[in-house]
Amino acid sequence: MIQRPRGTADRLPDVAPAWQLVTETFQRQCELRGFAPISTPTIERTELFTRTTGDATDLVQKEMYSFEDRGGDSLTLRSEGTAPVVRAYVQNGLHNLPQPVKLYYVTSIFRYDRPQAGRYREHHQIGAEALGDPSPAVDAEIIDLLQATYKALGIDDLRLELNSLGDPDTRAAYRQALVDYFTPLTDRLDAESRERLKTNPLRVLDSKNPAVAELCDDAPRSLDYLGESARAHFEQLQNLLQALKIPYRINHRLVRGLDYYNRTVFEFVPPDAGSQSTVGGGGRYDYLAELMGADHVPGVGFGSGIERVLLNVERRGMTPSRPQQTDVYIAPLADGALESAMQLAQRLRFAGVTVESGFRAASPRSHLRRASRAQARATLLIGARELERGVVALKPMNGTAQIEVALADVVAGVQKVLAVST
RNA sequence: GUGGGCGUAGCUCAAUCGGUUAGAGCGUCUGGUUGUGGCCCAGAAGGCUGGGGGUUCAAGUCCCCUCGCUCACCCCA
């Protein structure tokens with residue numbers, strides 16, 4: 001049997017209510033803040049990701065689903081949510097709208113990686129981006145949007161971690177400071193960290209190796225290397241978060257895995273953090289547009305994994321389910337009743353009644369069992385006796401006596417029964 | 001890419017030291033009433049024991065390979 005690709009999942013009907021809860025809650029919070037929906041293609045030109053995400057990142061080095069199309073172009077399945085939205089903003093001239101342009105999306109993300117708890121090759125993210133405004137107030141609103149979404153979902157115990165990476169002009173100095181600090185300690189770094197020290201020194205701070213982590217505690221901090229304007233930006237953001245009563249913790253080792261971030265970076269992590277546990281994160285990326293050859297466009301945004309959000313919804317003991325919604329089950333008892341059954345279903349649905357119709361003539365027992373299992377509130381039985389006289393048997397499923405209704409009066413009869421039987 | 005654990009029916013699991021026809025519960029379908037649901041009862045369908053090779057008189061069980069799932073590392077959401 002052909003099986004689904006590794007790291008992908010079939011989403012069966014029983015989990016649909018939980019998914020809907022997450023996406024609808026997010027949409028609601030977005031609309032409350034004037035964010036509008038956007039969707040971008042599943043495939044993009046490979047350069048969009050390689051040039052913005054960064055060559056030294058794991059995402060680019062080993063996790064992209066890239067392929068050559070028939071015309072010889074290299075395309076890549078969306079590996080990240082932000083760059084495509086920025087691309088769409090630039091390509092469609094959205095800078096002509098009032099700024100900032102506030103956008104949100106619900107989409108799938110593809111990364112070639114070994115699956116494990118909370119990690120998949122295809123996963124789904126809710127995300128938002130605010131483009132065209134450098135103000136820290138926009139950072140605050142972005143964080144507020146994500147925090148409010150979690151809260152509305154009953155998740156109120158995530159820890160918000162915050163840091164500022166500064167701007168490109170001060171990044172070089174900070175980078176050099178890290179190199180200067182770690183180079184004498186090279187023999188105490190693991191192989192991975194040594195490699196990073198050469199390619200992307202900031203990421204040494206990311207290491208979870210306890211020995212390396214210990215060294216990181218005394219490493220130079222990015223906050224000490226911020227320029228005047230970046231420092232003010234970070235302070236202002238913190239003032240706003242405090243005004244909004246959104247608690248946070250500054251994490252000097254938070255650098256995020258993608259190269260395009262500057263200034264604000266943040267992550268939401270659960271209290272009993274395992275390693276695959278970041279539920280959502282994001283930051284500012286004022287220089288991202290230029291990396292793809294466009295004019296300067298400041299921006300800030302986040303992505304949050306729906307699968308991981310759901311892990312936390314479940315962890316909080318909430319498992320949304322949808323009640324069965326069938327109002328009426330139609331039971332054809334004789335072969336000749338099938339047409340009438342489907343016609344009735346059509347009429348009832350036109351009147352807004354939820355109907356399931358049996359697809360073949362069978363015994364009342366068999367049909368009623370099905371009706372029960374569908375949790376129908378009423379069943380219409382159509383057999384030879386009814387056909388002969390132009391009526392149907394209308395049986396409420398709550399034990400009330402069954403009645404006979406003329407075909408012409410079925411819709412009214414059903415509505416009457418549904419109104420009283422709850 | 002590296003390492004650990006696990007693969008028996010749709011699901012959750014049995015199967016003695018390697019022993020004869022691989023079982024149960026749930027679920028599904030049918031019947032118990034030739035036109036009346038849920039509960040109950042009966043029956044049926046459903047298995048290449050993940051796949052391949054090996055050891056043995058005999059393999060679900062032991063060995064090797066492989067595939068899949070899973071957990072962890074790396075990294076991310």
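From a predicted model like this one, the values you see are computed outputs, not experimental measurements. The chains referred to below are lettered A, B, ... by the order of the sequence lines, with proteins before strands, and numbering in each begins at 1.
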Which ring-ring contact (aromatic ring centres under 6.0 Å, His included) pairs, counting each pair once, include a residue from [range], with sequence neighbours left out?
{"range": "residues 360-383 of chain A", "answer": "A/Tyr329-A/His367"}
{"range": "residues 29-53 of chain A", "answer": "none"}
{"range": "residues 380-411 of chain A", "answer": "none"}

Qualifying residues under side chain to side chain contact (heavy atoms under 4.5 Å, CB included), relative to A/Ser39, sequence neighbours excluded: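 With sequence neighbours excluded, A/Ser39 shows a side chain to side chain contact (heavy atoms under 4.5 Å, CB included) to no residue whatsoever.
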Under the ring-ring contact (aromatic ring centres under 6.0 Å, His included) rule, collect the residues that match up with A/Phe268, sequence neighbours excluded.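 With sequence neighbours excluded, A/Phe268 shows a ring-ring contact (aromatic ring centres under 6.0 Å, His included) to A/Tyr150, given in chain and number order.
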List the residues meeting ring-ring contact (aromatic ring centres under 6.0 Å, His included) with A/Phe26, not counting sequence neighbours, and say none if there are none.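 Here the qualifying residues are A/Tyr104.
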Output field dot_bracket for RNA chain B (Watson-Crick or G-U, both distances under 3.5 Å, | for other-strand pairs) contains (((((((..((((.....[...)))).(((((.......))))).....(((((..]....))))))))))))....
Who pairs with A/Asp55 by salt bridge (charged side-chain N to carboxylate O under 4.0 Å, His left out), at least two apart in sequence or on another chain? none
Name the pairs: protein N/O against N/O of nucleotides 45-47 of chain B, kept only if under 3.5 Å.
none

Name all pairs fulfilling the side chain to side chain donor-acceptor pair (under 3.5 Å) condition that reach into residues 402-413 of chain A, sequence neighbours left out, sorted by first residue then second.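 Passing the test, one end in residues 402-413 of chain A: A/Arg389-A/Glu404.
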Could you list, one pair per line, each protein nitrogen or oxygen that sits under 3.5 Å from a nitrogen or oxygen of nucleotides 68-70 of chain B, together with the distance?
from  : atom 1 : to     : atom 2 : distance (Å)
B/C69 : OP2    : A/Arg6 : NE     : 3.1

Heavy-atom contacts under 4.0 Å between residues 121-131 of chain A and RNA chain B, which residues?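 RNA chain B contact set from residues 121-131 of chain A: A/His123, A/Gln125.
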B/G37 base / A/Ser372 side chain donor-acceptor hit below 3.5 Å: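 Such a pair exists between side chain and base.
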